[in-house]
Amino acid sequence: YFNTEVAPWNDKRVRQAIAHSIQRKPIIDRLLFGQGVEAYSIVPPTFKDMYLPDTTGYFPYNIAKAKALLAEAGLKDSDGDGFVEFQGKPWEPEMLVIALSEITQLAQVVQAQAARIGIKLKIVQLDGQSISARTLAGDFGILTGFYLWDGPDTIMDWWLYSGNIPATNRSRTRSPEMDKVIEQMRASTTLPERMTHIKAMQKLLHGDLCTIIPIYHPLDIYVISKRVHGYAPNSATLYPRMHDVWLAKA
């Protein structure tokens, strides 16, 4: 998540440059040992009715394009040290990371990938309470995180509606167009109509605003004893349904 109230992250060209620097497959192969799916949208592809497949083509890995966007935004490497300056001074923006091994490792990879386009990220590892306090205060540049929820449409409402700043709209996204689409989604009277608005939100967020850049959807791995009967994992919910489950005697 980028704090869009802090320069230069308030310039979408800088955020788009980061988007062009991300290589997702190596992250999944090495960090998750292949147990994940590349994420180009906040909405996982398992939600087929609301997922927008076009997002896979937005901001592909392109170092040259990323550097060009940074230059357009006024971020250039004037002293030849390999990293761009901001407002004529050396720039090392902070990336807040919660103290979880998976998220820390992800941040380290993103840090290395950002370095390829000349952005020198500084990882700041904090506990959850400290990160929450700094997020609410707007005292950050980049924030890493994840969500566990079985309604990505609800997540997009929470994370992108301007009226939710600073509580759940961590990136402090302020977009009249996004607000309008979210309000249309809320007022939808049919599911197909709602899905249309959700896809429009994805196009706007991932194809233009880039206030949040998704990296991967981890796979949930279930280990079930042969003694367990009647249980089937459901990809559309976090919570197990145990009504028909029974355990055979050993």
Side-chain angles (χ1 to χ4, degrees), residues 1-33 35-36 38-40 42 59 61-63 66-67 69-70 73 75-77 79-148 159 166 168-173 206 209-218:
Y1 316 83
F2 298 97
N3 185 348
T4 56
E5 293 183 341
V6 173
W9 304 122
N10 59 345
D11 188 328
K12 69 179 180 182
R13 293 172 296 186
V14 182
R15 304 192 299 267
Q16 290 171 352
I18 292 282
H20 275 303
S21 76
I22 300 297
Q23 283 185 297
R24 293 167 173 81
K25 190 175 186 305
I27 293 174
I28 293 171
D29 290 344
R30 298 174 186 177
L31 180 59
L32 300 182
F33 301 100
Q35 301 304 313
E38 297 176 34
Y40 298 91
I42 289 177
F59 302 105
Y61 178 67
N62 190 324
I63 296 297
K67 289 183 176 181
L69 284 167
L70 291 178
L75 301 179
K76 300 179 181 179
D77 177 16
D79 58 12
D81 67 348
F83 296 102
V84 298
E85 294 90 36
F86 173 55
Q87 296 180 340
K89 299 178 181 179
W91 182 49
E92 191 174 0
E94 290 185 343
M95 178 166 55
L96 302 189
V97 180
I98 194 168
L100 295 174
S101 59
E102 180 182 331
I103 303 301
T104 300
Q105 291 172 344
L106 172 61
Q108 291 169 343
V109 177
V110 172
Q111 180 188 49
Q113 293 185 350
R116 296 175 185 170
I117 64 172
I119 295 181
K120 188 178 184 180
L121 294 178
K122 178 182 179 181
I123 294 176
V124 178
Q125 193 176 48
L126 299 170
D127 59 85
Q129 185 177 1
S130 298
I131 283 185
S132 294
R134 289 191 56 174
T135 302
L136 288 172
D139 181 20
F140 72 98
I142 303 179
L143 173 69
T144 56
F146 58 92
Y147 80 88
L148 293 171
W159 284 3
T168 54
N169 187 338
R170 303 172 184 177
S171 61
R172 298 172 179 251
T173 299
H206 302 305
L209 297 177
C210 284
T211 56
I212 302 171
I213 299 178
I215 305 295
Y216 61 75
H217 304 295

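Throughout, residue positions are numbered sequentially from 1 according to the sequence presented.
- Counting only distance, with no hydrogens or angles, the side chain of R15 and the backbone of L209 share a donor-acceptor pair below 3.5 Å.
- Rounded to the nearest 0.5 Å, atoms CD (Q16) and CD1 (I213) are 9.0 Å apart.
- Of all heavy-atom pairs spanning L96 and F140, the tightest one is CD1-CB, 3.5 Å.
- Residues passing the salt bridge (charged side-chain N to carboxylate O under 4.0 Å, His left out) test with K120: none are found, sequence neighbours excluded.
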Query raised in the report: Would T135 and Y1 count as a side chain to side chain contact (heavy atoms under 4.5 Å, CB included) if you check the C-alpha gap in whole Å, the side-chain angles of each, and the deciding distance to 0.1 Å?
Result: CA-CA 10 Å; T135 302; Y1 316 83; over 6 Å; no
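- In this structure the side chain of L70 reaches within 4.5 angstrom of the side chain of I119, judged on heavy atoms.
- Using cut-offs of 30° and 60° for the angle between ring planes, the F59 and H20 rings count as perpendicular.
- With values rounded to the nearest 0.5 angstrom, T144 atom OG1 is found 7.0 Å from L106 atom CG.
- The aromatic rings of W91 and W9 are tilted relative to each other, their planes meeting at an angle between 30° and 60°.
- The environment of OH in Y147 is crowded: more than 12 heavy-atom neighbours from other residues, nucleotides or ligands sit within 6.0 Å.
- Of the N and O atoms on the side chains of T4 and T211, not one donor lies less than 3.5 Å from an acceptor on the other residue.
- Counting only distance, with no hydrogens or angles, the side chain of Q125 and the backbone of A99 share no donor-acceptor pair below 3.5 Å.
- From I117, atom CD1 reaches atom CD1 of I18 across 4.5 Å, with rounding to the nearest 0.5 Å.
- Side-chain atoms of R24 and Y40, non-hydrogen and from C-beta on, do get closer than 4.5 Å to each other.
- Proximity of I142 to E94: side-chain heavy atoms (C-beta onward) are nowhere separated by under 4.5 Å.
- Across all non-hydrogen atoms, the minimal contact from I42 to P214 is N-CG, 4.2 Å.
- The minimum heavy-atom distance between V6 and G138, with the atom names listed, is CG2-O, 4.2 Å.
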Query - side chain to side chain contact (heavy atoms under 4.5 Å, CB included) between V109 and R30, intermediate numbers included - result: CA-CA 10 Å; V109 177; R30 298 174 186 177; over 6 Å; no
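- Nearest heavy atom pair, residue Q23 against residue R116, reads OE1-NH1, 2.6 Å.
- Here D29 pairs with K25 under the salt bridge (charged side-chain N to carboxylate O under 4.0 Å, His left out) rule; sequence neighbours left out.
- N62 places no side-chain N or O within donor-acceptor distance of the main-chain N or O of A66, the cut-off being under 3.5 Å.
- Among all heavy-atom pairs drawn from A7 and N10, the shortest one is CA-OD1, 3.3 Å.
- One distance of note links CG of L75 with CD of Q87; it measures 9.5 Å at 0.5 Å rounding.
- Residue I98 holds its CD1 atom at 5.0 Å from CD1 of I131, rounded to the nearest 0.5 Å.
- Partner of M95 under the side chain to side chain contact (heavy atoms under 4.5 Å, CB included) criterion, chosen from L143, V124, I123: I123.
- Interatomic distance, N169 CG to W159 CH2, rounded to the nearest 0.5 Å: 10.5 Å.
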Requested in this report: Would you sort out whether L32 and E102 count as a side chain to side chain contact (heavy atoms under 4.5 Å, CB included), showing the intermediate values?
Outcome: CA-CA 9 Å; L32 300 182; E102 180 182 331; 3.9 Å; yes
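- Here the closest heavy-atom approach between residue P166 and residue R172 is recorded as CB-NH2, 3.4 Å.
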